[in-house]
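First comes the structure, then the notes that go with it.
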Amino acid sequence: MTALREDLETTCWTPVCSYTDLLPERGACALVDGRQVALFRTFDGVLYAIGNHDPFSGAQVLSRGIVGTRTGEPCVASPMHKQVFSLVTGVCLDDPAVSVPTYPVRVAADGAVEVGAG
Amino acid sequence: MSRLVVVGHGPTSNRLVEALLAGGFAGRVTVLGEEPRPAYDRVALTSYLAGRSVEDLTYPVPEGVVLRLSSRVTAIDRDRRTVTVADGHVEPYDVLVLATGSSPFVPPVPGRDLPGCFVYRTIDDLDAIREAAAGATGGVVIGGGLLGLEAADALRGLGLATHVVEMGGWLMPRQLDEGGGAVLRGHIEALGLTVHTEAGAKEVAAGPDGRVSGLVKPDGEIIDAQVVVFSAGVRPRDELARQAGLEVGPRGGVAVDDGMRTSDPAIYAVGECALHDGMVYGLVGPCFTMAEVAADRILGGEAVFTRADLSTKLKLLGVEVAQFGAMDGALDVTFMDPVGGVYQKLFVSDDARTLLGGICVGDATPYNTLKPFVGRDLPGAPSELLFTGGPANMELPDDAQVCSCNNVTKGQVCAAITGNGLTDVAGIKACTRAGTTCGSCVPMLKRILVSSGVEVSKALCEHFTYSRAELFDIVRVRGITTFSQLITEHGTGRGCDVCKPVVASILASLGNGHILDGEQAALQDTNDHFLANIQRNGTYSVVPRIPGGEITPDKLIVIGEVARDFGLYTKITGGQRIDLFGARVEQLPRIWKRLVDAGFESGHAYGKALRTIKSCVGSTWCRYGVQDSVGLAIALELRYRGLRSPHKLKSAVSGCARECAEARSKDFGIIATEKGWNLYVGGNGGFTPRHADLFASDLGTEELIRVIDRFLMFYIRTADRLQRTSAWVEDQGLDYVRQVVLDDSLGICADLEAQMERHVAGYADEWRTTIEDPDKLRRFVSFVNAPGTPDPSIRFETERDQVKPVLIPLEAVRS
């Protein structure tokens, strides 16, 4: 698994679950430092982490959306009003002025999924 | 190199610069703006008070432009060709454009300079009004025109008891006649505003603190107000032009020719400061056209500005108001609905054939459909056009203007469609700008798109080129059981929130096991994934099945106990069931366990599936009942429970013709007769209500069930995504559906019945299956790394003795 950020060494990693806890193309939410992080495992096995807060409805629900692709880019549709967010950049593809945070995520040697919040 | 200087930076100036750069202007462009911020959308100014940010309203500054803000120009030296800014800066020009706009007119009322008096023009004005409103209770707007009503809306939005004072006999006297003004007044008063007509301002009164305390009317009445907004018209800002000796009109405005050139050939004027053919324009459409004409001329073109259309359509305080064409004519036709608050009037020529103009209040449909016919033969009798909202299939002439904001004709739209192979409104907007400013012409654009013979794609989404019905056949005929196989062999990418639920529904209809088994789990929308309905704060509601609405006291008590123990809000639904709201994901399995143990099962309220079959009490209890409606409703609900379909399905059984179960508003409804059952299909509540059509009469119970089996399966196989039975029946034609379902014209009825039999035989309760499967249960947590922790963002308060969500404040989101 490749890291999403260069500043690996300075990132503080929090283990949240095992890789097999995540269903392919489905999300789960983890609580990291009081923040809600939506984790996704895409079809090809790559992990993504974005904020769980849906900026359009205000609810913490993005982990419960449908995962898919838009012109090849992995994305999730909010389960509330279906705005689609890129899993790579956190940008809302339906309204690029809106975005959610992204977080680094990796699988450690023991198979644990770790979220970086540093 | 040529140096172009624009004085003023508002929407018109911005459009001019855009047009110049798009046209390849090679010189240096300098814009001198008086405000401390770049040009913003003044039409949407009021939305700023409602929370929209300045950034949202601001136009992007095109690259390659030198923009100097806070630069008020004080003088033009036409001999040296320079302009001087208040800070002493001197800017030389070869071509100068005046886009100085207008300033609000403040009538000479005593007290008009007191603190608490405002105009409504800039972001700074709005900031000042908002600040003054903070400690105020009442506000007055002087001027009941378009802008005045907008200002009144803003004051109301700031929580002030708001009065509108209009000198004329009615509101919006420039756009409406007396009748229209009266209807508009009714709407506005219903919103809690107070309207004073034929009233002026004698004096703005001051309180002991020296601030505004009220407005004194000429009749002596004092309106209590701490905020007074003057919106009594605008005056062109022509002082620079006057000082430089340019020709101006007797009532103001920099005189320009058809090419927007002033009396000095090196100087142009555009927008609200320009006077063309004796007219000053205050609407965004004509101002944008002026900007484009001037840009074209500067680039060496020969564009001409002709008298502009002053048609207006807007939504003021939620009320549609529109005016187009002339405001009088030899004949007129009025449609008036005082209850609905609708006033529509058409002005026509003396032979009643040519449309001259119209006025609409409360419903502006005629504006959209009839405006392009101004000056032309009417496509029907005027009264008919008003009553029906316009003919369905009228052919617009090519030179008819469809977008007046951006001056786009039907011919230009059609040329863009064919020239660029456009297939949607977004494409038309990008190519022609039509529909990008006020948006009122978008329905017209859609109609042009369809009538130009564009094949509107049936593709479900970017991942499948097939319609839902085609996908259903592919899955059924090829025996496909997974999404992966389907998309690999017949689609592209990895799906989305459109195609995945469709495929999930198809797989479920064809009996592929529990909807959360294996890969199917990833296809489900959140409701199906959690077997409950997501609500606005991210909690879920749970609806157990209560077939036919019949329930024992013991079961009622269990629902009450569960709701009490989990702190849920309870409500009887419209479909004779009980909805339990406010459950967190981690509570769902425990709630279901209690319900399942008491003999309940999932009501599928979360799915595009059979919901309820409502019933009256029928012949058992009712002295009018002729058949056992409860017994039939329960039998049907148990037969079709869990049946997944393109849209949710609702039904009802009434025990006699009095129709207490409201069966004719359902997808399929049954009404008892003395001789058996009448079956109705294609009914619909919801957004577009439709009464169901009689499909077959006096059926015996067995025959009835066979017909419903066939009808439902035929619908499930062939309907579009999210197409309700009502639209599907209209699409297919009732007669055709009858031929297929009753006469078996396609020879598929045995197959349809067999498919329904498989569904009935294969039914299992989804809640029970889930709580018995530890793998599935592990998904029901708020946090994968803290399974016992509830989501701390979900909080409740109490209202009428029950919980209600504390809503999370929305961060500023772009609209």
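Residue numbers start from 1 in every chain, and the chains themselves are labelled A, B, ... in the order their sequence lines are given, proteins ahead of strands.
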Side-chain donor-acceptor contact under 3.5 Å, A/Asp54 with A/Gln83: no
Heavy-atom contact with chain A under 4.5 Å, split by part of B/Glu519: neither
Stepwise side chain to side chain donor-acceptor pair (under 3.5 Å) test for B/Thr482 and B/Ser484: CA-CA 5 Å; B/Thr482 66; B/Ser484 284; 5.2 Å; no
Heavy-atom side-chain proximity of A/Leu47 to A/Tyr19 below 4.5 angstrom: yes
Toward chain A, the part of B/Arg778 with a non-hydrogen atom under 4.5 Å: side chain
Electrostatic pair B/Asp497:B/Lys500 at N-O distance under 4.0 angstrom: no
Option in A/Val61, A/Leu22, A/Leu23 with maximal non-hydrogen atom pairs under 4.5 Å from chain B: A/Leu23
Beyond-backbone contact of A/Leu87 with A/Val67, side-chain heavy atoms, under 4.5 angstrom: yes
Residue part contacting chain A, namely of B/Leu523, when any heavy atom lies under 4.5 Å: backbone
Residue part contacting chain A, namely of B/Thr789, when any heavy atom lies under 4.5 Å: side chain
Residue part contacting chain B, namely of A/Val113, when any heavy atom lies under 4.5 Å: neither
Student check: side-chain heavy atoms of A/Arg35 and A/His53 closer than 4.5 Å: no
Contact leader toward chain B among A/Thr42, A/Val16, A/Leu31, where contacts are heavy-atom pairs under 4.5 Å: A/Leu31
Contact class of B/Asp525 relative to chain A, heavy atoms under 4.5 angstrom: both
Side chain, backbone, both or neither of A/Ser63 within contact of chain B (heavy atoms, under 4.5 Å): neither
Part of B/Val781 lying under 4.5 Å from any heavy atom of chain A: neither
Steps toward side chain to side chain donor-acceptor pair (under 3.5 Å) verdict (B/Thr481, B/Asn512): CA-CA 7 Å; B/Thr481 57; B/Asn512 281 276; 4.9 Å; no
Minimum side-chain heavy-atom gap A/Tyr48-A/Val76 below 4.5 Å: no
Choice from B/His529, B/His463, B/Gln524 maximising heavy atom contacts with chain A below 4.5 Å: B/His529
Option from B/Tyr606, B/Phe780, B/Trp592, B/Trp767 for which ring pair (Phe, Tyr, Trp, His ring centres under 6.0 Å) with B/Phe530 holds: B/Phe780
Top contributor to chain A contacts, counting heavy-atom pairs under 4.5 Å, from B/Ala786, B/Ala521, B/Pro805: B/Ala521
Best-contacting candidate, A/Ala30, A/Ala59, A/Ala77, A/Pro79, against chain B by heavy atom pairs under 4.5 angstrom: A/Ala30
